[in-house]
Amino acid sequence: MAYWLMKTEPDAFSLQDLQRRGQEPWDGIRNYQARNFLRSMQTGDEVFIYHSRVPAPGIVGTAEVVCAAYPDPTQFDPQSKYYDPASHPDRPRWDLVEVAYRRTFAQGIALDTLRTIPEFSDSPLIRKGNRLSILPITSSQWQYILQYAG
DNA sequence: GCCAACGTTGGC
DNA sequence: GCCAACGTTGGC
């Protein structure tokens, strides 16, 4: 069992949207490093949901991986904004996992706060210019945040 | 909305 | 294989 963090822009898809839907295919990942993380995710892995591009970005709650990686259908859909004409069905380039809503933290953990937590000092999450939308979380980071969130 | 930082693309 | 140009991410 592993821990992860997935970023989302709440204007496009928020933790509240995930709560309403219950479960969601996390499509549209078009970064090789993030894709490789997707491919190593397993059912039962736990996930922090992070809201980006908001006045106070940070971790807002949790989800769980309920379906391991399979090819992201949007890469083959010319109508989709995630369409990738260079990807072919016999050798799909992009995958997705499905995640289910778990909980919303009573108080989120802002990026400003994460920067002050020693467990996160080496995390790409707090590095300037970091663009990884999916990243691994250590068990000590997971425990710390859960305790912080109460 | 701005723009620094970064990943990707493509000409050479 | 280099690297300039381009597109995107994400904090502010």
Side-chain angles (χ1 to χ4, degrees), chain A residues 2-21 23-41 45-65 67-138 140-142 144-146 148-149:
Chain A
Y3 303 104
W4 306 94
L5 179 145
M6 300 172 97
K7 294 180 188 172
T8 186
E9 296 181 23
D11 285 353
F13 190 81
S14 68
L15 180 61
Q16 290 68 36
D17 292 326
L18 180 61
Q19 182 174 20
R20 270 191 290 276
R21 315 258 275 248
Q23 180 173 337
E24 187 76 4
W26 206 265
D27 60 15
I29 300 298
R30 296 294 182 269
N31 168 285
Y32 288 103
Q33 201 179 352
R35 183 211 55 190
N36 293 341
F37 286 138
L38 277 177
R39 288 183 174 174
S40 62
M41 288 183 178
D45 283 1
E46 302 195 77
V47 179
F48 284 138
I49 300 297
Y50 178 98
H51 281 175
S52 64
R53 251 179 172 278
V54 286
I59 297 171
V60 291
T62 67
E64 183 179 331
V65 177
C67 181
Y70 62 89
D72 178 347
T74 64
Q75 70 195 301
F76 305 123
D77 177 6
Q79 256 42 277
S80 171
K81 65 173 172 173
Y82 301 126
Y83 179 54
D84 182 357
S87 182
H88 294 284
D90 52 336
R91 206 163 175 278
R93 181 178 289 185
W94 307 112
D95 280 11
L96 59 75
V97 299
E98 295 187 18
V99 299
Y101 174 82
R102 282 298 171 260
R103 67 178 282 209
T104 300
F105 293 146
Q107 61 168 5
I109 297 89
L111 178 58
D112 282 350
T113 304
L114 292 171
R115 290 191 217 278
T116 70
I117 301 172
E119 275 83 354
F120 281 86
S121 60
D122 292 329
S123 174
L125 187 60
I126 64 165
R127 275 207 284 276
K128 185 178 181 185
N130 156 60
R131 310 170 47 165
L132 249 192
S133 58
I134 296 180
L135 51 103
I137 290 290
T138 68
S140 66
Q141 288 169 342
W142 184 269
Y144 188 99
I145 296 302
L146 280 200
Y148 184 98

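Within every chain, numbering begins at 1; the chains are lettered A, B, ... in the order of the sequence lines, protein sequences first and strands thereafter.
- The distance from atom NE2 of A:His51 to atom P of C:dG10 is 13 Å, rounded to the nearest whole Å.
- Residue A:Arg127 is out of contact with every strand shown, counting any heavy-atom pair closer than 4.0 Å.
- Between the C1' atom of C:dT9 and the CD atom of A:Glu9 lies a distance of 8 Å, rounded to the nearest Å.
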Protein-nucleotides 2-8 of chain C N/O pairs closer than 3.5 Å?
{"from": "C:dG7", "atom 1": "N2", "to": "A:Arg131", "atom 2": "NH1", "distance (Å)": "3.1"}
{"from": "C:dG7", "atom 1": "N2", "to": "A:Arg131", "atom 2": "NH2", "distance (Å)": "3.4"}
{"from": "C:dT8", "atom 1": "O2", "to": "A:Arg131", "atom 2": "NH1", "distance (Å)": "3.2"}
{"from": "C:dT8", "atom 1": "O2", "to": "A:Arg131", "atom 2": "NH2", "distance (Å)": "2.7"}

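- To the nearest 0.5 angstrom, A:Leu146 atom CG is 8.5 Å from A:Ile109 atom CD1.
- In the set C:dG11, C:dC12, B:dT9, the nucleotide with an atom closest to the side chain of A:Asp112 is C:dC12.
- The CZ atom of A:Arg93 sits 11 Å away from the C1' atom of B:dT9 (whole-angstrom rounding).
- Test A:Arg93, A:Arg91, A:Arg35 against A:Asp84 for salt bridge (Lys or Arg N to Asp or Glu O under 4.0 Å) and you get one pass: A:Arg93.
- In this structure, A:Ile126 reaches neither bases nor backbone, as no heavy-atom distance under 4.0 Å exists between it and the strands shown.
- With a 6.0 Å radius and a threshold of 12 heavy atoms from other residues, nucleotides or ligands, A:Asp122 has its CG atom at or below the threshold.
- Distance, A:Asp84 CG to B:dT9 P: 8 Å, rounded to whole Å.
- For A:Lys128 and C:dC12, the NZ to P distance is 9 Å, given to the nearest whole Å.
- Along DNA chain C, the nucleotide closest to A:Pro55 and the one closest to A:Gly28 are compared, and the more 5′ of them pairs with A:Gly28.
- Nearest-nucleotide positions on DNA chain B place A:Arg53 closer to the 5' end than the other of A:Arg53 and A:Asn31.
- No more than 12 heavy-atom neighbours from other residues, nucleotides or ligands sit within 6.0 angstrom of CZ on A:Arg21.
- When the P atom of C:dG10 is taken as reference, atom CG of A:Asp11 falls 14 Å away, rounded to whole Å.
- Residues A:Tyr32 and A:Trp94 place their aromatic rings such that the two centres sit under 6.0 Å apart.
- Side-chain atoms of A:Arg30 and A:Ser133 include no donor-acceptor pair closer than 3.5 Å.
- Aromatic ring centres of A:Phe48 and A:Trp4: separated by at least 6.0 Å.
- Across the protein-nucleic acid pair, A:Asn130 atom CG and C:dC12 atom C1' stand 15 Å apart, rounded to whole Å.
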